[in-house]
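Let me begin by presenting the structure, written as structure tokens, before commenting on it.
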Amino acid sequence: MTDVEIALARRAALGEGPTWDPASGRLLWVDILASEVHAYDPSTGTDTVRPTPQHVGAAKPRASGGLVVNLRDGVGLYAPDGSFRWLAEWPEEGCRGNDAAVAPDGVLWAGTMRYDEAPGGGRLRRVTPEGKVTTVLNDVTVSNGLAWSPDGRLMYYVDTPTRRVDVFQGDDRRVFAHVPGLPDGLTVDADGCVWVALWGGGRVLRYTPAGVLDRAVEVPARQTTACAFGGPGLRDLYITTATVGAPADDAHAGSLFVLPDAGQGLPSPAFPA
């Protein structure tokens with residue numbers, strides 16, 4: 001079995017949110033606490049950095065070019081020329097944006113959390129391309145991984161301290177899998193398997209559509225944060241990591257890793273705004 005490789009040696013404080021952008025052929029990812037959006041080009045090995053005005057929990061491509069970003073105080077839009085405007089604002093003292101994802105219908109789901117991780121201090125909201133905001137969950141702690149099944153009927157979701165992955169089907173919410181550790185970001189492949197990174201666990205776990213653990217990928221950095229398929233044909237699994245909370249001797253903490261030919265990923269929809 002192919003081993004995990006270092007795609008990009010970095011010392012990201014809190015690397016997160018990898019997303020493949022097919023228009024540019026680059027992997028978007030963020031360093032939340034450095035207020036940076038990164039774009040990694042696997043064909044050249046280059047990584048370009050865009051600073052953001054606030055801590056940035058996630059960055060996703062827009063259909064018109066540019067980015068939609070989940071910032072400390074709400075969701076903003078970058079145009080292709082780099083200009084910025086707010087789409088929706090919700091400043092809350094002591095809170096910031098965390099993971100976010102674009103649903104198959106084009107709506108952005110954006111999570112928040114408190115900096116002190118106080119229980120129930122986070123939210124999960126839906127934001128339309130027109131900027132209409134709906135709060136879906138009020139009482140979450142660390143709103144994290146979001147992804148949909150191949151047919152778009154199921155949404156997988158993580159509130160990290162619960163140590164589980166939940167699945168939504170319409171208004172129905174149930175436990176998909178109890179996780180041996182702290183689940184962070186996740187992705188779903190073309191077979192409907194759910195891949196979830198373990199914060200503090202140095203691993204990415206794969207669960208079958210029935211919620212059965214069937215694979216564990218060891219990562220040479222303890223603070224694994226999120227994963228996404230990218231590269232030619234969406235065959236390579238990229239994994240972000242962090243230096244926050246990592247042991248002093250963790251030489252590769254904060255790097256971007258890749259597991260070549262890990263499976264078949266699903267394309268991520270661009271935000272229509």
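Residues: numbered from 1 along the sequence shown.
Note: Thr224 OG1 to Glu218 CD = 9.5 Å, rounded to the nearest 0.5 Å. Here the CG atom belonging to Asp99 is positioned 7.5 Å from the CG atom belonging to Leu186, to the nearest 0.5 angstrom. A distance of 6.5 Å separates OH of Tyr40 from CG of Leu256, quoted to the nearest 0.5 Å. Between the OG1 atom in Thr208 and the CG atom in Asp191 there is a gap of 11.0 Å [rounded to 0.5 Å]. Taking NE2 of His55 as the reference point, atom CG of Asp31 lies at 9.0 Å (rounded to 0.5 Å). Within the model, atoms CZ of Arg11 and OG1 of Thr241 stand 8.5 Å from one another, a figure rounded to the nearest 0.5 Å.
With contacts defined as side-chain heavy-atom distances shorter than 4.5 Å, the pair Phe84/Leu71 qualifies. Pro183 has its side chain out of reach of Asn144: every pair of non-hydrogen atoms, C-beta onward, lies at least 4.5 Å apart. Between Tyr156 and Ser149 there is a side-chain heavy-atom pair separated by less than 4.5 Å. In this structure, Pro42 and Trp20 have side chains that are in contact, with non-hydrogen atoms separated by less than 4.5 Å. Taking 4.5 Å as the limit, some side-chain heavy atom of Val179 sits within range of a side-chain heavy atom of Val165. The closest side-chain heavy-atom distance from Trp148 to Val188 is not below 4.5 Å. Residues Phe271 and Leu87 have side chains in contact (heavy-atom distance under 4.5 Å, counting atoms from C-beta outward). In this structure, the side chains of Leu146 and Met155 come closer than 4.5 Å at one or more pairs of heavy atoms.
In plain terms, the two heavy atoms of Cys227 and Ala197 that are nearest each other are SG-N, 4.5 Å. Summarising the geometry of Gly231 relative to Asp236, their closest heavy-atom pair is CA-OD2, 4.3 Å, with the distance given to 0.1 Å. The two residues Ala63 and Pro272 have their closest heavy-atom pair at CB-CA, 4.1 Å. Of all non-hydrogen atoms in Ala103 and Pro269, the two that sit nearest each other are O-CG, 3.5 Å. When every heavy atom of Pro104 is checked against every heavy atom of Gly152, the shortest pair comes out as CG-CA, 4.1 Å. What you find for Ala110 and Ala100 is that their closest heavy atoms are CA-CB, 3.9 Å.
By the rule that hydrophobic residues join a cluster once side-chain heavy atoms approach within less than 4.5 Å of another member, Val136 and Val167 end up as members of separate clusters. Taking hydrophobic clusters as Ile, Leu, Val, Met, Phe, Trp and Tyr residues chained together by side-chain heavy-atom distances below 4.5 Å, Phe168 does not share a cluster with Phe176. If you chain together hydrophobic residues whose side chains sit under 4.5 Å apart, Trp199 and Tyr157 never meet in one group. Hydrophobic clustering of Ile, Leu, Val, Met, Phe, Trp and Tyr side chains at less than 4.5 Å, counting indirect connections, unites Leu259 with Phe257. One hydrophobic cluster holds both Leu205 and Val194 under the rule that ILVMFWY side chains link at heavy-atom gaps under 4.5 Å.
Trp29 and His38 have parallel rings, their planes meeting at less than 30° on a 0 to 90° scale where 60° marks the start of perpendicular. Ring pair Phe229/Trp195 is perpendicular by interplanar angle, where above 60° counts as perpendicular and below 30° as parallel.
No donor-acceptor pair closer than 3.5 Å links the side chain of Gln264 to the backbone N or O of Ala190. Of the possible polar contacts, none joining the Arg123 side chain to the Thr112 backbone as a donor-acceptor pair under 3.5 Å is found. The backbone N or O of Gly265 lies less than 3.5 Å from no partner atom in the side chain of Asp189, so there is not a single donor-acceptor pair. For the pair Thr225 (side chain) and Gly15 (backbone), a donor-acceptor distance under 3.5 Å is present. Of the possible donor and acceptor atoms, one in the side chain of Gln223 sits under 3.5 Å from a partner among the backbone N and O of Val244. Proximity of a side-chain donor or acceptor of Gln54 to a complementary backbone N or O of Asp73 within less than 3.5 Å is detected. At distances below 3.5 Å, not a single donor-acceptor pair connects side-chain atoms of Thr160 with backbone N or O atoms of Leu182. When atom types are taken as modelled, the side chain of Asp81 and the backbone of Ser83 share a donor-acceptor pair closer than 3.5 angstrom. Checking side-chain atoms of Arg153 against main-chain N and O of Gln169 turns up no donor-acceptor pair under 3.5 Å. With hydrogens and angles ignored, the 3.5 Å screen pairs a side-chain donor or acceptor of Arg235 with a backbone N or O of Gly263.
More than 12 heavy atoms of other residues, nucleotides or ligands sit less than 6.0 Å from atom CZ of Arg206.
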For a side-chain contact (heavy atoms from CB on, under 4.5 Å) check, start with the C-alpha distance between Lys60 and Leu28, then their side-chain angles and the critical distance, and finish with the verdict. CA-CA 7 Å; Lys60 309 298 175 182; Leu28 301 175; 5.8 Å; no

Could you walk me through whether Arg173 and Leu137 pass side-chain contact (heavy atoms from CB on, under 4.5 Å), step by step? CA-CA 11 Å; Arg173 179 181 184 178; Leu137 298 175; 3.8 Å; yes

Show the numbers, then the answer: is there a side-chain hydrogen bond (donor to acceptor under 3.5 Å, both in side chains) between Ser24 and Asp21? CA-CA 6 Å; Ser24 65; Asp21 179 10; 3.0 Å; yes

Please evaluate residues Thr52 and Tyr78 with respect to the criterion side-chain contact (heavy atoms from CB on, under 4.5 Å), reporting the C-alpha separation (whole Å), side-chain torsions for both, the decisive distance (0.1 Å), and the verdict. CA-CA 10 Å; Thr52 56; Tyr78 278 102; 3.8 Å; yes

Evaluate the criterion side-chain contact (heavy atoms from CB on, under 4.5 Å) for residue pair Thr187 and Leu237; output intermediate values, then yes/no. CA-CA 10 Å; Thr187 192; Leu237 186 74; 4.2 Å; yes

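Under a cutoff of 6.0 Å and an axis angle of 45°, Arg125 and Trp90 form a cation-pi pair.
Checked against Asn70 for a side-chain contact (heavy atoms from CB on, under 4.5 Å), the options Ile32, Val127, Val75 give a single hit: Val75.
Under the rule for a salt bridge (charged side-chain N to carboxylate O under 4.0 Å, His left out), the partners of Asp47 that lie at least two apart in sequence or sit in another chain are Arg10.
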